[in-house]
Participant: 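This is the structure I have questions about; it appears just below.
Values in this document were obtained by computation on a predicted structure and should not be read as measured data. Starting from 1, each residue takes its place in the sequence as its number.
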Amino acid sequence: QVQLVQSGGGSVQAGGSLTLSCAGSGRTFSRYAMGWFRQAPGKEREFVAAINWSGSRTYYADSVKGRFTLSRDIAKNTIYLQMNSLKPEDTAVYYCAGRDNLVFTIDRNDYDYWGQGTQVTVSS
């Protein structure tokens, strides 16, 4: 069993930065592909970014490419989403997700474990 605990988030003005963290427990966590998704009010949960088990490959949604950076610290069982140049349209609840597979996907239905969610609010 894997548990994901998120931290970070909050409120920031447009153009600002925030970092989200997601710490995993369980001895097999290091072999999980991980992803970040977000859900704005009235909208479906959408893909943001993903990283493979080793951290050697990442993939980003077009809407965040060049602004967000996903990284992984295997020793700490933690992934980080650095969010720069934030826009009001980035406002959402952000969820980290773990997949019992070495390779990530962008489909939320492929992920087995989810963090508790954290609010990110960007004001104009």
Participant: Is there any salt bridge (Lys or Arg N to Asp or Glu O under 4.0 Å) pair reaching into residues 96-109, and which pairs are they, with sequence neighbours excluded?
Facilitator: E44-R108
Participant: Ignoring hydrogens and angles, write down the donor-acceptor pairs under 3.5 Å from the side chains of residues 49-57, residues two or more places apart or on other chains.
Facilitator:
{"from": "N52", "atom 1": "OD1", "to": "G55", "atom 2": "N", "distance (Å)": "3.0"}
{"from": "N52", "atom 1": "OD1", "to": "S56", "atom 2": "N", "distance (Å)": "3.0"}
{"from": "N52", "atom 1": "OD1", "to": "R57", "atom 2": "N", "distance (Å)": "3.0"}
{"from": "N52", "atom 1": "ND2", "to": "S54", "atom 2": "OG", "distance (Å)": "3.4"}
{"from": "N52", "atom 1": "ND2", "to": "S56", "atom 2": "OG", "distance (Å)": "3.0"}
{"from": "S54", "atom 1": "OG", "to": "S56", "atom 2": "N", "distance (Å)": "3.3"}
{"from": "S54", "atom 1": "OG", "to": "S56", "atom 2": "OG", "distance (Å)": "2.9"}

Participant: Using the disulfide (SG to SG under 2.5 Å) rule, collect all pairs that involve residues 28-72, keeping only residues at least two apart or in two chains.
Facilitator: none
Participant: Determine whether V12 and F68 fall in the same hydrophobic cluster, where Ile, Leu, Val, Met, Phe, Trp and Tyr are linked whenever their side-chain heavy atoms lie under 4.5 Å apart.
Facilitator: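 Yes.
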Participant: Return the minimal non-hydrogen interatomic distance between T105 and F47, and the atom names on each side.
Facilitator: O-CE1, 4.1 Å
Participant: Listed by chain and number, what are the side chain to side chain contact (heavy atoms under 4.5 Å, CB included) partners of V120, not counting sequence neighbours?
Facilitator: L18, L20, M83, Y94, V122
Participant: Could I get the full list of side chain to side chain contact (heavy atoms under 4.5 Å, CB included) partners for T121, not counting sequence neighbours?
Facilitator: S11, T91, Q119
Participant: Given the rule in the side-chain contact (heavy atoms from CB on, under 4.5 Å) test, do Y60 and V48 qualify, once you have shown the distances and angles that lead to the verdict?
Facilitator: CA-CA 6 Å; Y60 301 91; V48 176; over 6 Å; no
Participant: Excluding sequence neighbours, so at least two apart, what forms ring-ring contact (aromatic ring centres under 6.0 Å, His included) with W114?
Facilitator: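 Testing W114 for ring-ring contact (aromatic ring centres under 6.0 Å, His included), a comparison that skips the adjacent residues, returns F37.
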Participant: Could you pull out all residues at least two apart from E89 that satisfy salt bridge (Lys or Arg N to Asp or Glu O under 4.0 Å)?
Facilitator: none
Participant: Would M34 end up clustered with Y111 when hydrophobic side chains under 4.5 Å apart are linked, directly or stepwise?
Facilitator: no
Participant: Can you name the ring-ring contact (aromatic ring centres under 6.0 Å, His included) partners of Y80, sequence neighbours left out?
Facilitator: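 For Y80 there are no ring-ring contact (aromatic ring centres under 6.0 Å, His included) partners, ignoring immediate neighbours.
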Participant: Do you know the tightest heavy-atom contact between I79 and W36?
Facilitator: CD1-NE1, 3.4 Å
Participant: Take S7 and Q116, measure what side-chain contact (heavy atoms from CB on, under 4.5 Å) needs, and give me the verdict at the end.
Facilitator: CA-CA 9 Å; S7 60; Q116 78 275 21; over 6 Å; no
Participant: Hey, any chance Y32 and F104 share a hydrophobic cluster, counting ILVMFWY side chains that come within less than 4.5 Å of each other, even indirectly?
Facilitator: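 Different hydrophobic clusters.
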Participant: Filter on disulfide (SG to SG under 2.5 Å), then keep only pairs touching residues 15-124, sequence neighbours left out; what's left?
Facilitator: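 Qualifying pairs: C22-C96.
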Participant: So Q13 and P88, do their side chains get closer than 4.5 Å, heavy atoms only?
Facilitator: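 No - every pair of side-chain heavy atoms lies 4.5 Å or more apart.
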Participant: Are side-chain heavy atoms of Y95 and T118 found at a separation under 4.5 Å?
Facilitator: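 Not touching, per the 4.5 Å side-chain cut-off.
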Participant: So which heavy atom on A33 is nearest to which on R72, and how close?
Facilitator: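 For A33 and R72, the tightest heavy-atom pair comes out as CA-NH1, 4.2 Å.
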Participant: Going by the rule side chain to side chain donor-acceptor pair (under 3.5 Å), which residues pair with S17 if we only count those two or more places apart in sequence or in a different chain?
Facilitator: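 Result, side chain to side chain donor-acceptor pair (under 3.5 Å) vs S17: N84.
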Participant: Distance check, rounded to the nearest 0.5 Å: Q3 atom CD versus N77 atom CG?
Facilitator: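 Going from CD on Q3 over to CG on N77, the span is 12.5 Å.
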Participant: Going by salt bridge (Lys or Arg N to Asp or Glu O under 4.0 Å), name the residues that satisfy it together with K65, two or more places apart in sequence or in a different chain.
Facilitator: D62
Participant: Return the OG1 to CD1 distance between T78 and I74, rounded to the nearest 0.5 Å.
Facilitator: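 Nearest 0.5 Å value for the OG1-CD1 distance: 11.5 Å.
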Participant: Taking atom types as modelled, is there a side-chain donor on T19 or Q82 under 3.5 Å from an acceptor on the other?
Facilitator: yes
Participant: Who are the side chain to side chain donor-acceptor pair (under 3.5 Å) partners of Q39, not counting sequence neighbours?
Facilitator: R45
Participant: Within the supplied structure, the quantity of interest is the number of heavy atoms (other residues, nucleotides, ligands) at a distance under 6.0 Å from Y59 OH; does it exceed 12?
Facilitator: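 For Y59, atom OH is not crowded (no more than 12 foreign heavy atoms under 6.0 Å).
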Participant: For the atom pair CG (L86) and OG (S123), what is the distance rounded to the nearest 0.5 Å?
Facilitator: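 The distance works out to 10.5 Å.
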Participant: For a quick test of reading the model, state the closest non-hydrogen atom pair linking Y113 to V2 and the distance between them.
Facilitator: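 Looking at all heavy atoms of both residues, the closest pair is CD2-O, 3.3 Å.
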Participant: Taking all non-hydrogen atoms of both residues, which atom of R67 and which atom of S85 are closest, and how far apart?
Facilitator: NH1-O, 2.9 Å
